[in-house]
Amino acid sequence: MAASDALVTRRRATPTPKAGRGPRRRRGDAAYWLYLLPGAVLFALVIGGPLLFTGYLSLTRWSGIGDPTFVGLENYQRLLDDTVFWQSFRNTLAMIVAMVVVPTAVGLVLAAVLFDTIGRRFKPRTANALRAAFYLPQVLPVVVAGIVWGWILRPDGALNGLLDAVGLGALSHDWLGDPDTALPAVMGVMIWVQIGYPVVVFMAALQRVDPELYEAAEIDGAGWARRFWAITLPQIRPETFVVALTCTIAAMKVFGPIYALTRGGPENATNVPSYFAYYTFFKKLQVGYGSAISTVLTLIIVVVALLFIRAQHRAERRDGGA
Amino acid sequence: MSVTITPPKAPTAFAKPGRPARVPDRHHRGIGRWIVLAVVTAGALVMLVPFAFMLLNAFKAPGQYSTDGPLSWPSEFYTQGLRTYWTRVDFPQKLWNSTLIAGSVAVLAVAVSLLNAYALGIGRVRGRLWIVGAFLLANMLPQESLVYPLYYFAKEAGLYNTRLVVIIIFTVIQSAFGTYLLASVLGTFPKSLLEAAALDGAGKWTILWRVVLPNVRPTLAVLLVFFFIWTWNEFLIPLVMLIDNQTQTIPVALASLQGDRLMDAPTTNAGALISLVPAIVFFLIFQRTLSRGITVGAEK
């Protein structure tokens, strides 16, 4: 701060643009709109316009060539009767379990164990090395993860090789090829991909918790579980909200891993809305129908996000009142 | 996987509940902590197993793979898989494409975020809450709700299959997050600094450049790294927009070779291995920035 004060003082002699003379009231100052201009134009071109256009296209029939034909709500009616659509949203629930529920729950325990038990009873370096191991899958491009796992789960892949080696060859399986095991297999991969994110965020969050809280609790004879419930969970609730929200949105949008692992198959057992929309757009060339799928997905995501944010505000207000 | 999924209560058994400890005692905690360490380490090893599989099979001859299986130790250091992948996808070109796209997006998106956030967080323009809300929402949108119009406009504008269009699109998508984050950071910028600068006759541009920028540089560095990695890993829009060898990014190139007859197990693994090297190198270089940034992200 002091450095930039000095810097400003030095700048005094140099001529400056004439805007913003003196300590005038800043609120509502029109000149600031200029700074928003490039961002606003880009936003309108890349997000606003396309979003509205998709909304419009969802009311049309169009193959991408020629002019769209307006058909009203026909696409949405078709969605209601489309078993693939319902299946894809059921699979979204599975993705939420694999990408939100399990990673957040395991992440909380793991972060607490790494921070509270391993970080303090062993060297911090041990905890950091373990954290890095859990975080590593987050680093690689998710498509690369999908391709490696696709090979591991192949009939002649490493998982079956491992089962053979430990004498469980009878369990060998075409994990991604069988409609009964494909979804659980994909869920397992997503847990592996996702687990490091909550661990790292929660461990960072725990660093701002006052260590005296833990020490006091320990002196009072609180065991690990009590400290976890009474201190860790309430203290890092804001981060838990953020992780749960961002992961839920990511789970509802998941595309890359599905594309790389199964392309929604077999028999739509692992199809998800975003892949279903992609396939409808670019393989079936049903742009109107694909737009309807995307629009429904968008609306659901927005509603879920708003519900999350409201729940968070409520929780904060409750804490403030208490 | 089962090792890592410990139900919340399990560790209590090891943690000796109810034992009063006056000071955290490093030397007399008994065996419990070792069991906890063993369980967590086992979980961490399970996480690393796929990487071990990848290494083990990237340099194994296809013949040996089919006779001895994926767990066998490679009898020779087979590099043909790596070479096949390298030449077939023209890996240096892909590396350059990914670097060019992710690098440009990181720099441009940080610049756009800063300009937006300056107007929103410091300029406090009218209706800023709605504008920030719009950026936040944009950040949550599924790309499917944008992709077809973008694809169509890109074709109409002659930008289809260019790296430029991908750079523009991700500059906007990433800066939506950057604006949201930076606007709240700048919302708490010390007023005294701004007023002192204004008293000294500094204009808005000078204040942004000489006062605000130096103070938020650490946050900008974090955003830069995030944007780079996020863009590097993006898949759907590059998949739709980039269709030939000259323009494709690493993830798209790898995915589009999937199912190809040439992609036997060693080639698949070698390809995946070489494709994740840049990400890991980048991660190692910027690890410190990132762990700082994760806290920034979590506090939003």
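We name chains A, B, ... by the order of the sequence lines, and we start the count at 1 in each one.
The part of Ile131(B) that comes within reach of chain A is its side chain, from C-beta onward, which places non-hydrogen atoms under 4.5 angstrom from that chain. Within the 4.5 angstrom heavy-atom criterion, atoms from both the backbone and the side chain of Val144(A) approach chain B. The parts of Ile47(A) that come within reach of chain B are both its backbone and its side chain, each placing non-hydrogen atoms under 4.5 angstrom from that chain. Heavy atoms of Leu136(B) lying under 4.5 Å from chain A belong exclusively to its side chain. Heavy atoms of Ile309(A) lying under 4.5 Å from chain B belong exclusively to its side chain. Proximity to chain B is limited to the side chain of Val143(A), based on heavy atoms less than 4.5 angstrom apart. With a 4.5 Å cut-off on non-hydrogen atoms, Tyr259(A) touches chain B through its backbone and its side chain both. Ile249(A) touches chain B through its side chain: at least one heavy atom from C-beta onward sits under 4.5 Å away, while N, CA, C and O do not. Of the atoms belonging to Val139(A), heavy atoms from both backbone and side chain fall under 4.5 Å from chain B. When heavy atoms are compared at a cutoff of 4.5 Å, Ser291(A) does not approach chain B at all. For Leu245(A), the part sitting under 4.5 Å from any heavy atom of chain B is the side chain, from C-beta outward, and nothing else. Contacts of Thr126(A) with chain B are made by side-chain atoms alone, with heavy-atom separations under 4.5 Å and no backbone atom involved. Of the atoms belonging to Ile293(A), not a single heavy atom falls under 4.5 Å from chain B. Only the side chain of Ile118(A) comes within contact range of chain B, judged by heavy atoms closer than 4.5 Å. Contacts between Pro38(A) and chain B at a heavy-atom distance below 4.5 Å involve the side chain alone, from C-beta outward. For Phe282(A), the part lying under 4.5 angstrom from a heavy atom of chain B is the side chain only.
Between Trp34(B) and Phe122(A), the ring planes lie perpendicular to each other; the angle is over 60°, past the 30° to 60° tilted range. Ring orientation note: the planes of Tyr152(B) and Phe53(A) are tilted relative to one another, at an angle of 30° to 60°.
Using a distance-only test at 3.5 Å, with no hydrogens or angles considered, a donor-acceptor pair links the side chain of Thr54(A) to the main chain of Ser145(B). A donor-acceptor contact shorter than 3.5 Å is absent between the side chain of Lys253(A) and the backbone of Glu144(B). A donor-acceptor pair is defined here as one N or O able to donate and one able to accept, closer than 3.5 Å; such a pair exists between the side chain of Trp192(A) and the backbone of Met47(B).
The two atoms that bring Gly39(A) and Asn116(B) nearest to each other are CA-OD1, 3.5 Å, heavy atoms only. Ala158(A) and Leu71(B) get closest at one heavy-atom pair: O-CD2, 4.4 Å. Considering every non-hydrogen atom in both Tyr65(B) and Gly157(A), the closest pair reads OH-CA, 3.8 Å. Taking each heavy atom of Pro50(A) and Phe153(B) in turn, the nearest pair found is CG-CE1, 4.3 Å. Counting all heavy atoms, side chain and backbone alike, Ala279(B) lies closest to Pro141(A) at CB-CD, 4.0 Å. Of all the heavy atoms in Ile147(A) and Thr268(B), the pair that sits closest is CG2-CG2, 3.7 Å.
Of the residues considered (Leu273(B), Ile280(B), Leu236(B), Leu45(B)), Leu236(B) shows the highest number of contacts with chain A, using heavy-atom pairs under 4.5 Å. When the candidates Leu306(A), Val243(A), Leu42(A) are compared by the number of heavy-atom contacts under 4.5 Å with chain B, Leu42(A) comes out ahead. No other option in Ala250(A), Gly48(A), Ala133(A) has as many heavy-atom pairs under 4.5 Å with chain B as Ala133(A). Put simply, of Tyr118(B), Phe235(B), Tyr148(B), Trp232(B), the one with the most heavy-atom pairs under 4.5 Å next to chain A is Tyr148(B). Between chain A and the options Thr171(B), Leu137(B), Asn57(B), Val112(B), heavy-atom pairs under 4.5 Å are most frequent for Asn57(B). No other option in Gly256(A), Ala277(A), Gly64(A) has as many heavy-atom pairs under 4.5 Å with chain B as Gly64(A). In terms of heavy-atom pairs under 4.5 angstrom with chain B, the leader among Ile152(A), Val287(A), Leu57(A), Val148(A) is Val287(A). Among Val302(A), Thr295(A), Leu162(A), the residue making the largest number of heavy-atom pairs under 4.5 Å with chain B is Leu162(A). Contacts with chain A were tallied for Ser175(B), Ser275(B), Ala265(B); Ala265(B) has the most, counting heavy-atom pairs under 4.5 Å. Note on Leu141(B), Leu276(B), Ile168(B): by heavy-atom pairs under 4.5 Å with chain A, the leading option is Leu141(B). For the set Leu48(B), Val240(B), Leu146(B), the count of heavy-atom pairs under 4.5 angstrom toward chain A peaks at Leu146(B).
Considering OG1 of Thr298(A) and CD of Gln143(B), their distance stands at 11.0 Å, rounded to 0.5 Å.
Cation-pi geometry between Lys204(B) and Tyr32(A) is satisfied (NZ or CZ under 6.0 Å from the ring centre, within 45° of the ring normal).
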Report the C-alpha separation of Leu150(B) and Val46(A) in whole Å, then their side-chain angles, then the decisive distance to 0.1 Å, and conclude whether the side chain to side chain contact (heavy atoms under 4.5 Å, CB included) test is met. CA-CA 7 Å; Leu150(B) 289 173; Val46(A) 173; 4.3 Å; yes

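Leu45(A) has its side chain out of reach of Val172(B): every pair of non-hydrogen atoms, C-beta onward, lies at least 4.5 Å apart. Using a 4.5 Å heavy-atom threshold, the side chains of Phe134(A) and Val40(B) count as touching. No side-chain heavy atom of Leu115(B) sits less than 4.5 Å from a side-chain heavy atom of Leu36(A). Between Val142(A) and Asn233(B) the shortest side-chain heavy-atom distance does not fall below 4.5 Å. Using a 4.5 Å heavy-atom threshold, the side chains of Leu239(B) and Tyr278(A) count as touching. Annotation: side chain of Thr179(B) is not in contact with side chain of Phe43(A) (no heavy-atom distance under 4.5 Å). No side-chain heavy atom of Asp156(A) sits under 4.5 Å from any side-chain heavy atom of Pro70(B).
Checked against the 6.0 Å centroid threshold, Tyr35(A) and Trp209(B) do not count as a close aromatic pair. Taking the centre of each ring, Tyr151(B) and Phe281(A) stay at or above the 6.0 Å mark.
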